[in-house]
Amino acid sequence: MRKNEYFSKFSMLSFPDVIQANFQDFFPELNFHYYFAMNVWKPPVEITWYIFWACAVSAGLLSIGFLYRLASLSFFLLFTYINLLEKARYNNHYYLYILVSFLFLITDCNRSFSLDHLIACWRGKKTEKTSTVPKWQLDILRFQIFVCYFYGSIAKMNYDWVIRGEPCKTWFYRVEPIRQLAEIVVPPEYASSVIGHFFSAGGLLFDLLIGFMLISKTFRPMGFLMTFGFHLTNHFVFKIGTFPWVMMATNILFIEPETVSKIPILKNFATSANTSTSRDGKKTQTSKLCRPLLALLFCYVTAQCLVPFRHWLYPGDVNWTMEGHQFSWRMMLNAEDVVLRTLIRPQGGAEVVHTGYQINARQMKRMLTDPELILQYAQHLGRGHLQTTGSPASVRLDMWRSLNNRPFQRWVDPSVDLTTVDYWAFHYPWLEPRLPDSDIDFSELDRIRAEAKDHGKMATFFMDKPGGVFKTTLQADGPCSNISLLAVSGDVSAQIKKMHTHVPVGTELSLPIGGFHRVRTGGDGPASVWAYLHDCSPGHFHNAMMMVSMDSWELY
């Protein structure tokens with residue numbers, strides 16, 4: 001295999017922000033864990049500080065290319081360990097950083113443009129062999145970045161993204177400059193749809209094509225400009241930390257080594273790109289991969305190609321069940337809201353609503369969208385009750401989820417005691433399937449939202465299958481004072497105290513504040529839809545129903 005040298009170091013991820021950002025995330029009463037790392041040792045606070053700073057020092061050494069092999073090993077181990085401590089901190093960005101740090105460990109990115117390289121030159125140890133690397137090392141790094149982009153595009157090939165333009169329609173319409181510009185170009189009533197489909201199509205095509213453009217010498221300059229535009233937009237709209245800057249920095253991997261060698265400021269750091277012969281005209285020795293390294297690379301590439309498809313092993317829509325969602329480059333696909341009421345029934349006692357969630361905001365946000373963490377928390381509550389009282393208790397969840405601007409639908413079977421569920425089961429059958437969109441008129445939902453806004457109210461939509469019952473309360477100790485129920489489609493009735501009232505479609509029913517009511521759905525269709533029209537914020541409305549959401553959590 002012929003050798004290529006390349007400008008080895010793209011900008012290392014910024015680690016200090018990890019230290020500064022919610023260090024106490026790692027020390028709540030409960031830590032969530034990955035199923036494959038349930039027994040990771042959690043060190044005391046003092047030791048964890050040392051671990052964090054040791055990881056930061058390793059990142060610094062990597063960025064300047066000093067003591068490269070030791071720095072690569074320590075950063076890979078420490079950063080991986082830190083992320084295993086708390087699953088609620090998972091995101092695709094950190095996963096990518098771990099993968100790249102592993103590749104640093106098995107490649108020689110310090111061969112040029114590094115402090116190690118300068119020291120070798122100063123000591124007179126610089127040779128053709130110490131200044132070049134095998135081509136496979138550049139290729140494996142390029143492969144990893146290509147996978148991140150390409151599999152991100154595959155994940156976007158779904159109904160919501162391609163047909164409905166969601167969640168881009170929801171997210172970008174809220175950005176005032178974008179909305180104002182769209183309303184200049186098209187009539188205001190079409191602005192949200194145009195924005196959604198424009199950014200959805202652009203995001204999908206970017207992820208699908210950018211890897212090929214960066215590989216192509218012809219389209220590479222255009223690819224560089226597109227990466228800058230794409231990632232800068234993500235940075236200013238979504239505020240997603242270091243990831244956009246790291247991905248822009250990876251462009252350096254796709255510049256040909258010969259081109260790098262011609263850049264004046266880098267001439268002293270990079271030697272000639274002639275890899276087939278040495279400077280005296282003699283042929284250089286061909287580099288061959290040893291069998292263990294070849295086997296390792298084969299396993300790594302195979303895993304990167306197959307793991308993102310593991311969601312096919314689970315029934316249902318992965319964006320709804322979230323089974324197989326992680327480690328798959330499924331990024332920015334869901335705009336979701338979840339409301340949760342946790343019900344605990346001691347043995348022989350009455351059912352009570354659990355309110356003392358001993359977790360932090362980051363954990364709550366992750367738990368509301370991750371079935372594995374939901375199960376961990378429910379079983380944690382069960383164990384805690386048993387240890388405290390000596391008697392078991394059942395834990396059930398009244399949990400509803402809104403995915404990409406759909407009405408809230410039941411996400412967890414409320415009849416299942418999660419303390420009795422097998423945590424190690426391959427599939428979570430206690431998750432409710434997503435109801436079909438056939439009974440959702442999205443334009444009608446938008447009309448109702450706009451009309452409610454004109455009357456100083458907000459609309460929160462729910463839907464349930466025939467025979468469903470939603471029992472809730474409307475507490476009187478909050479800012480919600482005027483709440484009504486509007487039947488949107490299907491067969492909807494309400495029970496207030498002992499009075500049953502059928503609510504015809506398009507009709508509002510005023511609800512009493514300070515008491516319980518039930519909403520029942522019937523009929524022959526797949527589902528019925530109703531809306532709560534309330535004169536308070538979503539967070540206060542969820543509080544009034546004694547349900548937890550990120551909107552209600554952020555009020556305190």
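One-based numbering along the sequence shown.
Residues meeting the side-chain contact (heavy atoms from CB on, under 4.5 Å) test with E336, sequence neighbours left out: N334, T369, R401. Residues forming a ring-ring contact (aromatic ring centres under 6.0 Å, His included) with F66 (at least two apart in sequence, or on another chain): none. Residues forming a side-chain contact (heavy atoms from CB on, under 4.5 Å) with I163 (at least two apart in sequence, or on another chain): Y159. Under the side-chain contact (heavy atoms from CB on, under 4.5 Å) criterion, S72 pairs with L62, Y68, F104, L105, not counting sequence neighbours. Considering only residues two or more places apart in sequence or on other chains, K365 meets the side-chain contact (heavy atoms from CB on, under 4.5 Å) condition with M550.
Taking the centre of each ring, W329 and Y95 come in below the 6.0 Å mark. Within the 6.0 Å centre-distance limit, the rings of Y90 and F327 are counted as a close aromatic pair. Note: F238 and F172 meet the aromatic proximity criterion, with ring centroids under 6.0 Å apart.
Annotation: side-chain hydrogen bond (donor to acceptor under 3.5 Å, both in side chains) contacts involving residues 142-154, sequence neighbours excluded, comprise Q144-Y300, Q144-Q304, Y149-H231.
Aromatic ring pairs are classed by plane angle as parallel below 30°, tilted from 30° to 60° and perpendicular above 60°; the pair F146 and F150 is parallel.
Applying the 6.0 Å contact sphere to CZ of F228 captures more than 12 heavy atoms from other residues, nucleotides or ligands. No more than 12 heavy atoms of other residues, nucleotides or ligands sit less than 6.0 Å from atom CZ of F198.
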Task: K87/E372 under salt bridge (Lys or Arg N to Asp or Glu O under 4.0 Å): CA gap, chis, key distance, verdict - done: CA-CA 10 Å; K87 190 187 178 187; E372 184 181 358; 2.5 Å; yes
TODO: Applying side chain to side chain contact (heavy atoms under 4.5 Å, CB included), run through M322 and W411 and close with a yes or a no.
DONE: CA-CA 11 Å; M322 303 300 286; W411 196 30; 4.1 Å; yes
TODO: Test side chain to side chain contact (heavy atoms under 4.5 Å, CB included) on M367 and I374 and set out the steps.
DONE: CA-CA 6 Å; M367 185 188 75; I374 293 170; 4.2 Å; yes
Task: Stepwise ring-ring contact (aromatic ring centres under 6.0 Å, His included) test for F219 and F212 - done: CA-CA 8 Å; F219 295 102; F212 298 101; over 10 Å; no
TODO: Could you walk me through whether R362 and E86 pass salt bridge (Lys or Arg N to Asp or Glu O under 4.0 Å), step by step?
DONE: CA-CA 10 Å; R362 186 186 297 273; E86 175 56 70; over 6 Å; no
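Side-chain contact of N319 with R330: a donor-acceptor pair under 3.5 Å is present, judged by distance alone. The closest side-chain donor-acceptor pair between Q376 and Y423 falls under 3.5 angstrom.
Expressed to the nearest 0.5 Å, how far OG1 of T250 lies from CZ of F254 amounts to 6.0 Å. For the atom pair L340 CG and W400 CH2, the distance stands at 13.0 Å (nearest 0.5 Å).
For the pair R366 and F32, the NZ or CZ position fails the cation-pi test of under 6.0 Å to the six-membered ring centre and within 45 degrees of the ring normal.
Under 4.0 Å is where a charged nitrogen must lie from a carboxylate oxygen, and between D413 and R410 no such pair does. A salt bridge does not link K169 to D160: none of the charged nitrogens lies less than 4.0 Å from a carboxylate oxygen.
In this structure a side-chain-to-backbone donor-acceptor pair under 3.5 Å is missing from T170 to E166.
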